[in-house]
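Worth saying up front: this structure is predicted, and the values here are computed from it rather than measured. Positions are given from 1 along the sequence.
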Amino acid sequence: MKRNQKFVITINRELGSGGRTVGRKLAEKLGVEYYDKALINSLETRYNLSVDEIEKLKGRSHGWWAELKRTLFESNGQAATANYGLAVPGDKPFEPTSFDMYQAEKEILAGIAENESCVIAGRLGFHVFRTHPNHLSILIQASMPFRLERIMRKKHISEQEARKTIDMVDKMRENYVNEYAKTSRYDTRNYDLVITADGKTEDEIVDFIMAYID
């Protein structure tokens, strides 16, 4: 990946691995924006961004994403961040992503990458940008004990609740990847880097990624 050219870094991560924090810290160190599910959902909800609506925006302005981003940041103060993955049992069930929503997300991601360098967490970024000429694809994983301890500590829930949450999110994410990318998120051929979080801080992982890039 060349830092002096427009680039996209995508991070797929297991729940409880710290991958979301790594993505945010990496974006800060690189001086680029970080995007995840919450921001994409915010755009879709606020602006009713179906594929047809995105095509209309493109037709009106070549810099449609830059204009949309400016409006969003002005109204929100900052980009939304996701904590959906840490829902505990009993919360509102996850809603499946329809094909139309998936297509709209692809268009939004393409608009982001066309206008700026960025770090994108999840949202099938590894698949969407698989042919991008300046794309770094990363998977961050961790052992089950590591994941359980992290979720229990951050959400103040029992081990049983944490395990149920991990099982639910793992299944949801794998089904999503299977349906729309026709692969497994655990297939290491989808990534340039696969990092195990055990025994490492988020900052150490960020430093490792930066060293790889450089």
Side-chain angles (χ1 to χ4, degrees), residues 1-47 49 63-87 97 104-130 132 134-142 150 154 169 173 176-177 185 190-195 197 200-214:
M1 192 195 84
K2 300 177 181 177
R3 289 179 62 181
N4 60 344
Q5 298 177 13
K6 204 171 293 180
F7 63 81
V8 180
I9 297 175
T10 56
I11 297 181
N12 208 355
R13 74 274 188 225
E14 289 187 309
L15 177 66
S17 67
R20 173 173 167 263
T21 303
V22 169
R24 290 179 60 81
K25 286 176 174 284
L26 180 63
E28 289 173 6
K29 183 155 282 192
L30 289 166
V32 300
E33 297 291 353
Y34 168 83
Y35 298 99
D36 62 12
K37 179 184 176 72
L39 179 62
I40 303 302
N41 284 356
S42 177
L43 286 169
E44 291 171 347
T45 301
R46 183 185 295 272
Y47 300 106
L49 288 187
W64 68 275
W65 165 250
E67 294 180 9
L68 197 63
K69 175 187 170 183
R70 183 171 59 252
T71 303
L72 181 72
F73 274 63
E74 286 174 354
S75 58
N76 282 1
Q78 60 181 8
T81 57
N83 61 4
Y84 70 99
L86 292 178
T97 301
E105 286 184 359
K106 281 179 61 179
E107 293 293 329
I108 292 170
L109 294 179
I112 293 171
E114 183 180 341
N115 282 273
E116 61 182 299
S117 294
C118 56
V119 175
I120 297 173
R123 316 322 303 152
L124 276 181
F126 75 89
H127 178 71
V128 172
F129 295 109
R130 64 192 182 282
H132 190 284
N134 203 22
H135 168 218
L136 177 64
S137 180
I138 302 170
L139 172 66
I140 299 177
Q141 57 187 19
R150 182 181 175 88
K154 293 181 76 69
V169 174
R173 289 179 176 173
Y176 181 71
V177 172
R185 70 192 185 113
N190 293 316
Y191 310 101
D192 300 299
L193 278 178
V194 178
I195 303 171
K200 307 176 186 69
T201 67
E202 289 108 347
D203 288 329
E204 287 172 340
I205 295 174
V206 170
D207 290 341
F208 178 81
I209 296 171
M210 291 295 295
Y212 178 87
I213 292 171
D214 292 336

Pairwise side-chain contact, [X] with [Y], heavy-atom cut-off 4.5 Å (strictly under):
{"X": "V194", "Y": "Q141", "value": "yes"}
{"X": "Y35", "Y": "V119", "value": "no"}
{"X": "N134", "Y": "K6", "value": "no"}

Please answer whether the main-chain N or O of [Y] pairs with a side-chain N or O of [X] as donor and acceptor at a distance below 3.5 Å.
{"X": "E204", "Y": "T201", "result": "yes"}
{"X": "N12", "Y": "G122", "result": "no"}
{"X": "Y34", "Y": "A121", "result": "no"}
{"X": "K29", "Y": "M210", "result": "no"}
{"X": "R173", "Y": "R13", "result": "yes"}
{"X": "S117", "Y": "F7", "result": "yes"}

When rounded to the nearest 0.5 angstrom, what distance separates [atom1] in [X] from [atom2] in [Y]?
{"X": "L139", "Y": "L193", "atom1": "CG", "atom2": "CG", "result": "10.0 Å"}
{"X": "T10", "Y": "L136", "atom1": "OG1", "atom2": "CG", "result": "7.0 Å"}
{"X": "T21", "Y": "I140", "atom1": "OG1", "atom2": "CD1", "result": "9.5 Å"}
{"X": "D203", "Y": "D207", "atom1": "CG", "atom2": "CG", "result": "6.5 Å"}
{"X": "I213", "Y": "D192", "atom1": "CD1", "atom2": "CG", "result": "10.5 Å"}

Salt bridge flag under 4.0 Å for residues D214 and R3: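 Salt bridge: yes.
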Of all the heavy-atom pairs spanning [X] and [Y], show the shortest one and how long it is.
{"X": "I11", "Y": "G23", "result": "CD1-CA, 3.5 Å"}
{"X": "E14", "Y": "A142", "result": "OE1-N, 3.0 Å"}
{"X": "H132", "Y": "V8", "result": "NE2-CG2, 3.8 Å"}
{"X": "C118", "Y": "V32", "result": "CA-CG2, 3.9 Å"}

D36 vs R20, side-chain contact (heavy atoms from CB on, under 4.5 Å): CA-CA, chis, key distance, verdict: CA-CA 9 Å; D36 62 12; R20 173 173 167 263; 3.9 Å; yes
L109 and F129: CA distance, side-chain angles, deciding distance, side-chain contact (heavy atoms from CB on, under 4.5 Å) verdict: CA-CA 9 Å; L109 294 179; F129 295 109; 3.8 Å; yes
Residue list, side chain to side chain donor-acceptor pair (under 3.5 Å) with E202, at least two apart or on another chain: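 Per chain and number, E202 pairs via side chain to side chain donor-acceptor pair (under 3.5 Å) with R150.
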Residue pair H135, R130: steps toward the side-chain contact (heavy atoms from CB on, under 4.5 Å) verdict: CA-CA 7 Å; H135 168 218; R130 64 192 182 282; 5.5 Å; no
Criterion side-chain contact (heavy atoms from CB on, under 4.5 Å) on I9 and I120, from CA distance to verdict: CA-CA 6 Å; I9 297 175; I120 297 173; over 6 Å; no
